[in-house]
Number of protein chains: 2
Amino acid sequence: MNTQTPSKAIERLSRYRRVMQQLLMEKKVMYIFSHELAKASGVTAAQVRRDMMLVGYTGSPSKGYEVAGVVRCIGNYLDAPGRQTAALVGVGNLGRAILAYFLGRHANIDLVASFDTSSEKTGRVIHGCYCYDFDQLTEIITSEKIATAIISVPASAAQGVADVLIAAGIKGILNFAPVHLHAPEAVHVENVDIATLLEKVAFFSRK
Amino acid sequence: MNTQTPSKAIERLSRYRRVMQQLLMEKKVMYIFSHELAKASGVTAAQVRRDMMLVGYTGSPSKGYEVAGVVRCIGNYLDAPGRQTAALVGVGNLGRAILAYFLGRHANIDLVASFDTSSEKTGRVIHGCYCYDFDQLTEIITSEKIATAIISVPASAAQGVADVLIAAGIKGILNFAPVHLHAPEAVHVENVDIATLLEKVAFFSRK
DNA sequence: ATAACAGCGTGAATTAATTCACAGCAAAAT
DNA sequence: ATTTTGCTGTGAATTAATTCACGCTGTTAT
């Protein structure tokens with residue numbers, strides 16, 4: 001189905017980039033070997049090299065990879081040509097945590113709008129992001145040409161929100177609600193299911 | 001490495017259980033076919049049947065799976081024999097969101113302790129969970145025999161927290177900090193990297 | 001009765017993801 | 001100069017995960 005773009009590799013590329021951006025900023029590291037990047041990212045050296053093939057970056061056997069060059073190359077591969085924006089729906093505890101998380105940090109994607117139904121939240125800026133009423137969703141998504149959304153509403157509301165987002169033209173959803181969302185093939189849905197992940201960790205905790 | 005227990009299957013089992021618990025409670029569904037459970041869980045019918053093999057549950061061709069029976073069987077497979085507890089370290093925005101999320105809900109795992117360094121948070125109950133000072137971590141983890149922990153501290157503090165947790169005997173970590181944690185083989189680390197996931201969704205948004 | 005379904009369980013096949021292993025190369029050492 | 005060393009890039013092999021496909025079984029319809 002998603003032949004041509006290994007889903008896992010995309011995640012790794014994003015992590016490599018962050019690791020390398022940090023190394024570049026904080027330690028002025030200019031060159032790095034595959035096994036070093038691998039260790040810092042929690043993968044194997046062979047996998048790093050494979051992933052470099054994917055983005056078409058070539059290192060040198062003697063110096064390794066040029067950090068700034070790889071960062072740029074991963075950016076070419078991962079990022080949209082223009083500015084990348086996203087919206088968040090559901091400014092509850094989790095929604096605010098995500099807004100706070102993205103505030104300032106992370107220049108790659110901007111959270112440019114948030115939505116909620118509660119009048120206590122709408123009409124003001126929360127953690128650096130203006131909160132609109134949910135009624136305005138279609139209007140804002142369309143006018144701002146937002147293609148990516150985060151859903152952090154209660155499970156019972158999630159499918160309804162997803163339907164509105166999809167009708168408004170959203171093409172990718174990061175879903176934190178603990179339900180499977182029904183969406184057309186063309187819309188990419190990524191689920192983060194905290195309860196399930198905790199159960200998984202607990203399971204492997206006892207081997 | 002983790003031969004014998006397909007990691008992805010564990011996640012699906014957890015989701016099946018939640019879907020079925022809800023169907024049982026809200027709609028009094030007594031029996032369900034593999035394709036129905038598959039649709040509600042976002043997987044294929046064949047996969048549901050495979051996963052049932054894993055937990056050793058047998059359905060009937062005419063009625064399908066007995067919902068309550070499967071829930072019990074998945075519980076036997078996934079849950080610890082006794083009570084399952086977990087601790088949370090880092091009661092910031094995200095930590096509070098997770099505490100709120102688990103408050104009341106989800107009987108499978110109890111968040112029984114949280115930890116922070118800020119005196120504004122320690123010494124009181126936050127979203128139903130008592131917040132201890134970080135200094136008491138080893139003591140509480142040991143005395144309460146907690147094997148699973150959630151890390152929701154800033155990236156810069158995460159490895160240090162992980163080291164203390166591991167020294168205290170923690171066997172599994174759900175890590176929300178955007179760094180790779182170095183941990184011994186015996187400790188299962190599961191990462192939730194929100195920035196990376198959002199970049200992935202954005203990537204696939206434009207196909 | 002018996003024929004026609006519909007769905008489960010599972011061996012076999014397929015596909016996706018990762019790792020192995022080695023040729024080739026550039027710097028450093030002899 | 002020539003050897004050694006240590007890394008990259010990548011075809012081939014391996015391993016993990018998913019899907020296919022079909023025998024079997026209980027139920028409904030003829």
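Naming convention: chains lettered A, B, ... in sequence-line order (proteins, then strands); numbering from 1 in each chain. Just so you know, these numbers come straight off a predicted model, no measurement behind them.
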Bend of the helix from C/dA1-D/dT30 to C/dT30-D/dA1 from end-axis comparison, five pairs per end, nearest 10°, comes to 10°

Is the phosphate of C/dT19 approached by A/Thr44 (side-chain N or O, under 4.0 Å from OP1 or OP2)? yes

Considering only heavy side-chain atoms of A/Pro61, the closest of D/dG6, C/dA27, C/dC8 is D/dG6

(Q) With a 4.0 Å cutoff (strictly under), does any side-chain N or O of B/Ser34 reach OP1 or OP2 of C/dC8? (A) yes

For A/Lys121, does the NZ atom sit with more than 12 other heavy atoms under 6.0 Å from it, leaving out its own atoms? yes

Whole-Å distance, A/Leu37 CG to D/dG9 P, equals 12 Å

Check: A/Arg206 side chain, A/Ala202 main-chain N or O, donor-acceptor pair, under 3.5 Å
yes

Rounded to whole Å, CE of B/Met52 lies from P of D/dT18 at a distance of 15 Å

Rounded to whole Å, CD of A/Glu11 lies from P of C/dA17 at a distance of 11 Å

- Within a strict 4.5 Å, meaning less than it, do heavy atoms of the B/His35 and B/Lys39 side chains meet? no

OP1, OP2 of D/dA17 versus side-chain N and O of B/Arg12: anything below 4.0 Å?
-> no

Are more than 12 heavy atoms, taken from residues, nucleotides or ligands other than A/Lys171, located less than 6.0 Å from that residue's NZ atom? no

B/Arg49 CZ to D/dT25 C1', in whole Å, measures 14 Å

Rounded to whole Å, the NZ-P distance (B/Lys8 to C/dT15) equals 18 Å

Separation of D/dT19 atom P from B/Met53 atom CE, nearest Å, is 16 Å

Whole-Å distance, A/Leu54 CG to C/dT18 C1', equals 14 Å

- Message: Within the 4.0 Å heavy-atom criterion, would you say B/Tyr31 contacts the bases, only the backbone, or no part of the nucleic acid?
- Response: nothing

Exercise for the section: Give a yes-or-no answer on whether the side chains of B/Asp51 and B/Gln47 include a donor-acceptor pair shorter than 3.5 Å. Expected result: no

Note: contacts of residues 63-73 of chain A with DNA chain D (heavy atom, under 4.0 Å) are A/Tyr65

Taking for B/Gln47 and for A/Thr58 the nucleotide of DNA chain D with the nearest heavy atom, the one nearer the 5' end belongs to A/Thr58

Does the side chain of A/Arg49 come within less than 4.5 Å of A/Met52's, by heavy atoms?
-> no

(message) Whether the side chain of B/Arg50 and the base of C/dG11 hold a donor-acceptor pair under 3.5 Å is what I'd like checked.
(response) yes

Minimum side-chain heavy-atom gap A/Ile173-B/Val201 below 4.5 Å | no

Side chains of A/Leu54 and A/Pro6: closer than 4.5 Å at any heavy-atom pair? yes

Would you say the rings of B/Phe134 and B/Phe115 are close, in the sense that their centroids are separated by under 6.0 Å?
no

Checking C/dA27, C/dC8, D/dT8 against the side chain of B/Phe33 (C-beta onward), the nearest is C/dC8

Comparing nearest nucleotides in DNA chain C, the 5'-proximal residue of the pair B/Ala46, B/His35 is B/His35

Q) Under 30°, 30 to 60°, or over 60°: which ring-plane class applies to B/Tyr57 and B/Tyr65, parallel, tilted or perpendicular? A) tilted

